[in-house]
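What follows is a short report on a single structure.
Chain letters run A, B, ... following the sequence lines, proteins first, then strands; residues in each count from 1. All values below were derived from every heavy atom in this structure, side-chain atoms included, with hydrogens, water molecules and symmetry-related copies excluded.
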Amino acid sequence: MNFKHELAAILYEILGQEMEAKELELLIEKPKNQNHGDLAFPCFTLAKLKRKAPQIIAQELSEKIQSPYFEKVEVVGAYLNVFLNKKLAAENVLAEINSKQGAYGSLNIGNNRNITIDMSSPNIAKPFSMGHLRSTVIGNSIALIAEKCGYQPIRINHIGDWGTQFGKLITAYKLWGDAEKVRQNPIKELLTLYIKFHDEAETNPELIDQGRSWFKRLEDADQEALELWQWFRDESLKEFSRIYELMNVHFDSFAGEAFYNEKMDRIVQLLEEKNLLVESNQAQVVELLEQDLPPCLIKKSDGATLYATRDLAAALYRKENYDFDLSLYVVGNEQSLHFKQLIAVLSKMGYEWAEKMVHIPFGMMLKDGKKMSTRKGKVVLLEEVLDESINMARNNIEEKNPNLVNKDEVAKQVGVGAVMFHDLKNFRMNDIEFSLEEMLRFEGETGPYVQYTYARACSILRKAGYQSGTLPKALDSDWEKEWKVITLLMEFPNTIKRSFEQYDPSQVAKYIIDLGQAFNKYYGEVKILEENLEREARLALVSSVTTVLKEGLRLLGIEAPAEM
RNA sequence: GUCCCGAUAGCUCAGCAGGAUAGAGCAACAGUUUCCUAAACUGUAGGUCGGAGGUUCGAAUCCUCUUCGGGACGCCA
């Protein structure tokens, strides 16, 4: 039931041709202050149109509005404040949630079409750092929200397993590496070599050339280079999969940059055929003057390919293999120019689907106000943070609920949930200063707060022996104390829609915090289990809250333990 | 130099398709457990919404300029 729509229709009826119903609906707003009712209609715009004082218009309208949906209409200044029929609204939303359960809030914007999501995409042979958390967690949540909106999400881990960095790594390994050490502790050892390479290169620039030449050998399928590369790659993926498992993130494709190695000739050829490739300082570029962008580098002067070349091949491959309706790239803000160029080149090539590609940027994870750099060894390992968080959750359980049966499982859900929620709760463009203390906070606006609220609500339902899906015919309540919670429950579908349209999981995160706060307040002032006439109504409300909190957490990729 | 982001309470952030007294959390202080999990709840205190103009009946929200911070700008990815 859409009350806003209803009000707009009634106003349209009263006003006649004055304004379109759609325009009227856009003017209707939700008052911040609950004393001002549930819907408000400011009459300033009409006042101008009718050349009449807004207060008078509000007064006239208020006298004409009659609807079973609205129990009261007040005039405050130029505002028409409308109060919903609480009983009707409450019973309506509770019935809907009860019948749809987890499917409440699902939409069909996507019409089952494919949406590819380029996410996570770490560079192998480097540790999985906090920096990679963002793309992984934001991408995963957008995939889940897209699915909720009727799309088929295809999660693609475009792993960085190709490029000059591997030439550098091979160079370092050949110079200083020890096979036994690498076998024992692969990522750590490879990272040490990588850092050493950059330290040495500062005084010995010749190393950089060696790195480039090893990469060239890799591209030319040199046996030794390929074997080392394969080895580094396998070891890295083994470590990454452990972390993905911990966060419950899974991929439909691991086609990384190397995958496109033999697909790049075609791109270069296509560019040549379309006369887009020009030589510039021995390199091959596509000029993007009319788009007001710097040229896009396709081939280096030594003939080796670049990031953009591989991304062009990948875009084409994805269109041909997944026939995406939308293609999202959840990649840091610092790569904005790269994606603008990528899309511009594809447009120049005549692919109109280029405009269906969307870069979804996000701010950086900073350390001491600066970018974390693998090269300088300034990294924080995600796995260490997750382990510490799980440990802390475990200690909390020991202290607060020592009789819990599946402590380890719950500690994992809460610990990992805390870290993921922390990354998702704020608008993605904001930079985040890394703070372990902040990340491992379990109180206030945090993942564990929402999980805890959910667990308490579940506990009530258990004690009451409540069976979900058994909504009584008559719910006896005036819904006064429940009203804030009810209005939030009604907002859930709209929140999902906005969250998808803006590719912004933080809207869902904020929503479940709001719902949690409203419910905890209610929990504090009302004895839900008390035996009286309204008990059934209260339990129906609690049941709906659990359904929506759990679904909200799920859309963020976070689990909801029934006890903690 | 050009371009892209950001700036709101001591700290972290909401609010930004313009609207009624600018909201949370953390930290501080004062309370709440004979009662459904206190990872919770209640209350107090805390703000010239970076600055200056402009548009408007009305601006934290839109436009212009400006200051500060971060980032990107051809052979890394």
Show me the protein contacts with nucleotides 8-18 of chain B, counting only N or O atoms at under 3.5 Å.
from    : atom 1 : to        : atom 2 : distance (Å)
rC13(B) : O3'    : Asn426(A) : ND2    : 3.3
rC13(B) : O3'    : Asn430(A) : ND2    : 3.2
rC13(B) : O2'    : Asn426(A) : ND2    : 2.7
rA14(B) : OP1    : Phe427(A) : N      : 3.1
rA14(B) : OP1    : Asn430(A) : ND2    : 2.6

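Annotated as syn: rU33(B), whose O4'-C1'-N torsion sits within 90° of 0.
Pairs of residues two or more places apart, or lying in two chains, never qualify as salt bridge (charged side-chain N to carboxylate O under 4.0 Å, His left out) while including a residue from residues 454-467 of chain A.
For rA20(B), the base has a donor-acceptor partner in the side chain of Asn81(A) [N/O atoms by modelled type, under 3.5 angstrom].
Comparing the P positions of rA38(B) and rU33(B) gives an interatomic distance of 12 Å, to the nearest angstrom. Here, rU61(B) and rA9(B) have their P atoms 15 Å apart, quoted to the whole Å.
Applying the ring pair (Phe, Tyr, Trp, His ring centres under 6.0 Å) criterion to Tyr329(A), with sequence neighbours excluded, gives Phe339(A).
Across all strands shown, rU55(B) forms no Watson-Crick or G-U wobble pair with both key distances under 3.5 Å.
Stacking here means ring centres nearer than 5.5 Å and ring planes tilted less than 30 degrees, and by that measure His36(A) stacks onto rA20(B).
Donor-acceptor pairing under 3.5 Å is lacking for the side chains of Gln55(A) and Gln59(A). Between Thr164(A) and Lys168(A), the side chains place no donor N or O within less than 3.5 Å of an acceptor N or O (distance only, hydrogens not considered).
If you check every strand for non-hydrogen atoms under 4.0 Å, Val542(A) touches nothing.
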